[in-house]
Amino acid sequence: MPQLTKRSVALRGHPTSVALEDDFWAALDRWAKTDHVSVPVLISRIDETRQEGSLASAIRVQILKHVQDGRTMN
């Protein structure tokens, strides 16, 4: 079973932690570099658009969509 890695990020000025598998962190890092933003900015954008569920799940879903259809978060 893959290990989860926790990272701390600030969302709307409040610290929170997100636990994701290393492969998802790597994908998030690549996506952020491609979009010329920081990982916390990208996570904030994902958080702003999520309807329900955990932030970690929302991140995984957005990474999957990004990989599947090349969509970026604006």
Side-chain angles (χ1 to χ4, degrees):
M1 181 169 215
Q3 291 268 30
L4 295 177
T5 300
K6 273 190 179 181
R7 291 192 193 175
S8 295
V9 294
L11 297 176
R12 293 180 296 280
H14 299 285
T16 189
S17 62
V18 180
L20 295 170
E21 296 79 6
D22 289 339
D23 289 340
F24 282 103
W25 283 119
L28 200 57
D29 289 335
R30 285 191 304 272
W31 183 2
K33 285 179 186 171
T34 300
D35 283 8
H36 307 288
V37 298
S38 67
V39 170
V41 166
L42 188 55
I43 290 173
S44 291
R45 291 177 183 174
I46 292 169
D47 184 48
E48 290 170 3
T49 62
R50 76 177 159 128
Q51 306 266 320
E52 57 186 53
S54 73
L55 179 57
S57 293
I59 291 169
R60 289 183 187 96
V61 168
Q62 289 303 318
I63 289 170
L64 178 61
K65 287 180 179 181
H66 179 74
V67 169
Q68 286 179 331
D69 61 21
R71 186 171 60 105
T72 59
M73 300 294 294
N74 294 322

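Below, all heavy atoms of this structure are taken into account, side chains as well, without hydrogens, waters or symmetry copies.
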Novice: Going by side chain to side chain contact (heavy atoms under 4.5 Å, CB included), name the residues that satisfy it together with L4, two or more places apart in sequence or in a different chain.
Specialist: A19, E21, R60
Novice: Identify each donor-acceptor pair in which a side-chain atom of residues 23-30 lies under 3.5 Å from a protein atom, sequence neighbours left out, and give them as a table.
Specialist:
unit_1, atom_1, unit_2, atom_2, d
W25, NE1, T5, O, 2.8
W25, NE1, L20, O, 3.3
D29, OD1, R7, NH1, 3.4

Novice: Would a single hydrophobic cluster contain both V39 and V67, if residues Ile, Leu, Val, Met, Phe, Trp and Tyr are joined by side-chain heavy-atom contacts under 4.5 Å?
Specialist: yes
Novice: Working to the nearest 0.5 angstrom, can you tell me the gap between I63 CD1 and I46 CD1?
Specialist: 6.0 Å
Novice: Run the side chain to side chain donor-acceptor pair (under 3.5 Å) test against S54 and tell me which residues pass, sequence neighbours left out.
Specialist: S57
Novice: When you look at R50 and V61, which way does the side-chain contact (heavy atoms from CB on, under 4.5 Å) test go after all the steps?
Specialist: CA-CA 10 Å; R50 76 177 159 128; V61 168; over 6 Å; no
Novice: Heavy atoms only: give me the nearest L42-A32 pair and the separation to one decimal.
Specialist: CD2-N, 3.8 Å
Novice: How many angstroms lie between CD in Q62 and CG in D47, if you round to the nearest 0.5 Å?
Specialist: 11.0 Å
Novice: Could you check V41 against D35 for side-chain contact (heavy atoms from CB on, under 4.5 Å), going step by step and ending with a plain yes or no?
Specialist: CA-CA 10 Å; V41 166; D35 283 8; over 6 Å; no
